[in-house]
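Everything on this sheet refers to the single structure shown next.
Quick caveat: nothing in here was measured; it's all calculated off a predicted structure. Lettering follows sequence order; numbering is per chain, from 1.
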There are 2 protein chains.
Amino acid sequence: MTTTPARRVTKQRVAIADQLERSEAFLSAQDLHAALSRSGERIGLATVYRTLSAMATDGELDVRRTDDGEALYRRCDTEGHHHHMVCRTCGRTVEIGGPKLEEWLAEVSGRFGYVDIDHTVEITGTCPECAAKA
Amino acid sequence: MTTTPARRVTKQRVAIADQLERSEAFLSAQDLHAALSRSGERIGLATVYRTLSAMATDGELDVRRTDDGEALYRRCDTEGHHHHMVCRTCGRTVEIGGPKLEEWLAEVSGRFGYVDIDHTVEITGTCPECAAKA
DNA sequence: GGTTGACCTGAGAATGGTTGTCAATTCAGC
DNA sequence: GCTGAATTGACAACCATTCTCAGGTCAACC
């Protein structure tokens with residue numbers, strides 16, 4: 001079916017995957033590159049961008065956009081369709097599935113005759129720990 | 001209360017507002033600038049950017065981001081909080097309010113102890129007319 | 001209707017994230 | 001080990017967006 005385009009296991013990709021694995025929050029390509037450089041890995045920025053977008057395409061990563069358009073990536077724990085609630089202070093992210101949300105979507109799209117519906121939901125808030133510190 | 005920063009009525013701003021008024025869909029700054037140029041208006045790109053972000057700040061416009069991070073603006077008919085269902089083919093947009101959605105949000109955020117919640121919902125689909133043509 | 005000063009504009013330069021280029025390198029199967 | 005295709009990295013190129021600043025324009029006041 002889907003032709004697998006022969007992905008290789010290079011140390012750069014391993015390093016990137018590791019770094020993502022280690023992070024609770026969404027990271028930008030720049031963040032990741034900086035973090036890797038800091039920890040001694042010498043990886044080209046272009047490689048980071050390429051790898052991230054490849055992983056996102058393969059569904060291994062979730063993508064989000066900051067308000068100023070920067071792309072952020074995160075390793076998703078949940079397999080299927082889900083959404084994110086992100087702490088605006090520490091970035092900690094909770095994955096959320098919502099049957100109730102999907103119901104609402106079906107109802108609304110149906111009401112206006114829209115078909116083949118896609119959707120994204122972004123929830124931002126302050127997590128309990130950051131709220132406690134404030 | 002809010003200090004009104006003395007906004008002037010210039011012909012550039014009028015032209016931009018008109019153009020937005022005329023559009024059912026979300027427009028990028030570039031789109032708008034191109035459209036204005038086409039119709040003979042000679043407006044600097046920087047002015048378009050400035051005006052759009054000012055209007056957005058004032059809540060006169062809604063902002064959206066394309067998948068590649070470009071900012072899109074649209075005149076909102078609805079005053080208060082609402083969401084959008086955008087046709088992926090023609091861009092026609094329906095504004096949607098969702099008490100059910102807000103309920104769900106409150107429930108979910110409460111479950112994880114997140115407070116001070118903000119959210120964005122983007123729905124993309126094919127509108128009845130475009131679906132009929134397909 | 002002129003004057004005045006703050007606001008606004010436009011052209012181009014600067015910024016910053018992201019992608020393209022291409023020679024050198026590295027993986028993986030033989 | 002050998003070989004070819006996938007991958008990498010340094011750097012240029014892109015492109016949306018913002019900054020700069022000299023010159024233009026609005027609006028209030030005379």
Point to revise | Salt-bridge contact D67(A)-R65(B) (side-chain N to carboxylate O under 4.0 Å) | key: no

Point to revise | Short side-chain N/O contact from Q12(A) to OP1 or OP2 of dT26(C), under 4.0 Å | key: no

Review point. Once you round it to whole Å, what is the distance between C1' of dG20(C) and CG of L45(A)?
Key: 13 Å

**Study point:** First of R50(B) and R8(B) reached from the 5' end of DNA chain C, by closest nucleotide
**Key:** R8(B)

Exercise for review: Answer yes when E107(B) and R111(B) have at least one side-chain N-carboxylate O distance shorter than 4.0 Å, and no when they do not.
Suggested key: yes

Review point. Distance check: side-chain N/O of T47(A) vs OP1/OP2 of dG9(D), anything under 4.0 Å?
Key: yes

**Study point:** Spacing of I16(B) atom CD1 relative to dG10(C) atom C1', expressed in whole Å
**Key:** 12 Å

Review point. Which whole-number value in Å describes the distance from E70(B) CD to dT19(C) C1'?
Key: 16 Å

Point to revise | Distance, rounded to the nearest Å, where Y49(A) contributes OH and dG9(D) contributes P | key: 15 Å

Review point. Rounded to the nearest Å, what distance is computed from the CZ atom of residue R13(A) to the P atom of nucleotide dG9(D)?
Key: 11 Å

**Study point:** Whole angstrom value for the distance that separates C1' of dA16(D) from CG of D31(B)
**Key:** 12 Å

Practice item. Compare the minimum distances between each of dC8(C), dA11(C), dC27(C) and the side chain of R7(B), then state the nucleotide with the smallest one. Key: dC8(C)

Check your understanding: Quick one: is dA16(D) close enough that its OP1 or OP2 comes under 4.0 Å of any side-chain N or O from S28(B)?
Key -> no

